[in-house]
Structures are given as C-alpha cells and as structure tokens.
Participant: 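First the structure, which I've put down as structure tokens, then a few questions once you've had a look.
All figures in this text were calculated on a predicted structure; none of them were measured in a lab.
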Amino acid sequence: QVQLMESGGGSAESGGSLTLSCTASVRYYDTYCMGWFRQAPGREPEGVAAIDKAGTTRYGDSVKGRFFISQDNAKNTLYLQMNSLTPNDTATYYCAAEFWCTVTHGPAVTAYMYKGQGTQVTVSS
C-alpha cells in the first residue's frame, strides 16, 4: 500500500513563496510519476505539476514559470516550490502518484491512483 504525506502548506501574502513536500512510503517501481494537483472550493481539481523517474516535468498553464517541481530520490520526497503566489492559488494541494508511468505518456495528475490527504494553501491579497 502506498502512503503519501504532504506538508508545508499554510498562509502567504500575494507575491510570496511557499514550498510543499510530499513523502512517499514506497519508491521502488521501475517507472513512476508523481505530482501535485489542487482543488479550490466549488471548483474542479486542477493539475499543477508532475515529474517522472527520468526527471521529465509537466506544468499546468496557470503555474508555468512560477511553480517548480523536484524530487529527492534518496529521501523519497517530492517538492513543489511555489513563487509569485496570487489569491487564485488558494486551494487544497494534493500529492499524487502513479506507477508504470511516464509524464509524456501517462494520465493527467488528477487521475493518478494514489493521493495524499491534502494540505491547505491560502494566499491573501
């Protein structure tokens, strides 16, 4: 069973930065994708960023150039560096994982099989 645990959410002012972390309990599959999606109240889940074992990344249009995804394989940890935050970034952010996957050919991050409990990010103007 895969367990994902997010941390690092909180409050920030517009223009500020936050870094989210996600620790995965299992990381020994030959191929995998990990990523982040977010959901604001009353809105559909939105893919934010994804990365695969080879390091290929993909970003949602609304965060390109502001958010950066990375991974530390030795620590089984995924990161999301969020810069230039705006109130539109306010949402619950979820870590997600899919195995036997590559970013290029895999599903959207919102469809990944394994998901964490989420961490709240609130950006004030």
Side-chain angles (χ1 to χ4, degrees):
Q1 182 68 26
V2 176
Q3 292 185 330
L4 304 172
M5 180 66 69
E6 303 97 338
S7 62
S11 299
E13 294 185 352
S14 186
S17 298
L18 284 174
T19 300
L20 304 183
S21 301
C22 172
T23 302
S25 63
V26 177
R27 204 68 177 273
Y28 51 71
Y29 288 82
D30 287 340
T31 62
Y32 62 80
C33 298
M34 292 193 72
W36 299 90
F37 69 94
R38 65 188 182 186
Q39 188 168 20
R43 302 187 67 176
E44 292 294 315
E46 176 189 10
V48 174
I51 188 169
D52 61 23
K53 185 175 182 179
T56 302
T57 58
R58 180 173 63 199
Y59 295 92
D61 289 341
S62 64
V63 305
K64 284 180 181 177
R66 299 189 299 122
F67 290 13
F68 299 95
I69 190 170
S70 61
Q71 59 188 343
D72 184 333
N73 291 335
K75 297 181 179 179
N76 282 2
T77 301
L78 180 73
Y79 302 99
L80 183 68
Q81 175 68 43
M82 305 185 294
N83 301 320
S84 301
L85 287 163
T86 76
N88 287 336
D89 296 315
T90 296
T92 301
Y93 283 72
Y94 298 87
C95 176
E98 180 69 56
F99 299 110
W100 309 113
C101 168
T102 64
V103 163
T104 303
H105 301 293
V109 66
T110 52
Y112 288 179
M113 178 175 295
Y114 301 99
K115 299 175 174 65
Q117 294 298 309
T119 185
Q120 178 67 35
V121 171
T122 302
V123 183
S124 59
S125 58

Participant: May I have the step-by-step check of side chain to side chain contact (heavy atoms under 4.5 Å, CB included) for Leu80 and Phe67, ending in yes or no?
Facilitator: CA-CA 7 Å; Leu80 183 68; Phe67 290 13; 4.2 Å; yes
Participant: Using the rule given for ring pair (Phe, Tyr, Trp, His ring centres under 6.0 Å), can you reason through Tyr114 versus Phe99, listing the C-alpha separation, both sets of side-chain angles and the distance that settles it, and then say yes or no?
Facilitator: CA-CA 9 Å; Tyr114 301 99; Phe99 299 110; 5.6 Å; yes
Participant: Which heavy-atom pair separates Gly106 from Cys101 by the least distance, and what is that distance?
Facilitator: CA-SG, 4.0 Å
Participant: Run Leu4 and Tyr94 through side chain to side chain contact (heavy atoms under 4.5 Å, CB included) and show every step you take.
Facilitator: CA-CA 9 Å; Leu4 304 172; Tyr94 298 87; over 6 Å; no
Participant: How many angstroms lie between NZ in Lys53 and CE in Met34, if you round to the nearest 0.5 Å?
Facilitator: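 Spacing of NZ (Lys53) from CE (Met34) equals 13.5 Å.
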Participant: If you measure from CD on Glu6 to CD on Gln120, what distance do you get to the nearest 0.5 Å?
Facilitator: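 Interatomic distance, Glu6 CD to Gln120 CD, rounded to 0.5 Å: 12.0 Å.
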Participant: Taking the side chain from Gln81 and the backbone from Thr19, do they hold a donor-acceptor pair closer than 3.5 Å?
Facilitator: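 Side chain of Gln81 to backbone of Thr19, a donor-acceptor pair under 3.5 Å: no, none is there.
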Participant: Under a 4.5 Å side-chain heavy-atom rule over Ile, Leu, Val, Met, Phe, Trp and Tyr, are Val63 and Tyr112 clustered together?
Facilitator: no
Participant: Keeping Thr122 on the side-chain end and Thr90 on the backbone end, is there a donor-acceptor pair under 3.5 Å?
Facilitator: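 No; zero donor-acceptor contacts below 3.5 Å.
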Participant: Taking salt bridge (charged side-chain N to carboxylate O under 4.0 Å, His left out) as the definition, give me every residue that meets it alongside Asp52, ordered by chain and number, with sequence neighbours left out.
Facilitator: none
Participant: Please round to the nearest 0.5 Å and tell me the distance separating atom CG of Leu85 and atom OG of Ser14.
Facilitator: 8.0 Å
Participant: Can you check whether Ala91's main-chain N or O pairs, donor with acceptor, with Arg38's side chain at less than 3.5 Å?
Facilitator: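 Judged by distance alone, no pair lies under 3.5 Å.
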Participant: Are a donor atom and an acceptor atom from the side chains of Gln39 and Thr92 found within less than 3.5 Å of each other?
Facilitator: no
Participant: Indicate the atoms forming the closest heavy-atom contact of Ile69 with Thr57, along with that distance.
Facilitator: CG2-CG2, 3.7 Å
Participant: Please find the pair of heavy atoms, one from Ser21 and one from Thr77, that lie closest to each other, and give the distance.
Facilitator: CB-CG2, 4.3 Å
Participant: Output the distance between atom OG1 (Thr23) and atom OH (Tyr79), rounded to the nearest 0.5 Å.
Facilitator: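 Between atom OG1 of Thr23 and atom OH of Tyr79 there are 7.5 Å.
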Participant: Kindly determine whether Leu78 and Cys95 satisfy side chain to side chain contact (heavy atoms under 4.5 Å, CB included), including the steps that lead there.
Facilitator: CA-CA 8 Å; Leu78 180 73; Cys95 176; 4.0 Å; yes
Participant: Of all heavy-atom pairs between Gly47 and Thr110, which one has the smallest distance, and what is that distance?
Facilitator: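 In terms of heavy atoms, the two residues are closest at N-CG2, 3.7 Å.
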Participant: Quick check for you: to the nearest 0.5 Å, what is the distance between Gln71 atom CD and Cys22 atom SG?
Facilitator: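 SG of Cys22 is found 11.0 Å from CD of Gln71.
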Participant: Is it the case that one hydrophobic cluster holds both Val48 and Met113, taking links as side-chain heavy atoms less than 4.5 Å apart, direct or via other members?
Facilitator: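 Yes, because Val48 and Met113 connect within a single hydrophobic cluster, where side-chain heavy atoms sit under 4.5 Å apart.
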Participant: Are Trp36 and Val2 connected in the hydrophobic side-chain network, where two residues link if heavy atoms are under 4.5 Å apart?
Facilitator: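 Hydrophobic grouping puts Trp36 with Val2.
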Participant: Between Met82 and Asp89, does a side chain to side chain contact (heavy atoms under 4.5 Å, CB included) hold up when you go through it step by step?
Facilitator: CA-CA 9 Å; Met82 305 185 294; Asp89 296 315; over 6 Å; no
Participant: In terms of hydrophobic clustering (I, L, V, M, F, W, Y; side-chain heavy atoms under 4.5 Å; direct or indirect links), are Leu20 and Val109 co-clustered?
Facilitator: no
Participant: Check the orientation of Phe68 and Tyr59. Use parallel for under 30°, tilted for 30 to 60°, and perpendicular for over 60°.
Facilitator: perpendicular
Participant: Supply the atom-to-atom distance Tyr32 OH to Asn73 CG, rounded to the nearest 0.5 angstrom.
Facilitator: 4.0 Å
Participant: Glu46 and Ser62: which non-hydrogen atoms are nearest, and at how many Å?
Facilitator: OE2-OG, 2.7 Å
Participant: Using atom types as modelled and distance alone, determine if a side-chain donor or acceptor of Glu13 lies under 3.5 Å from a backbone N or O of Ser124.
Facilitator: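 Side chain of Glu13 to backbone of Ser124: no pair is present.
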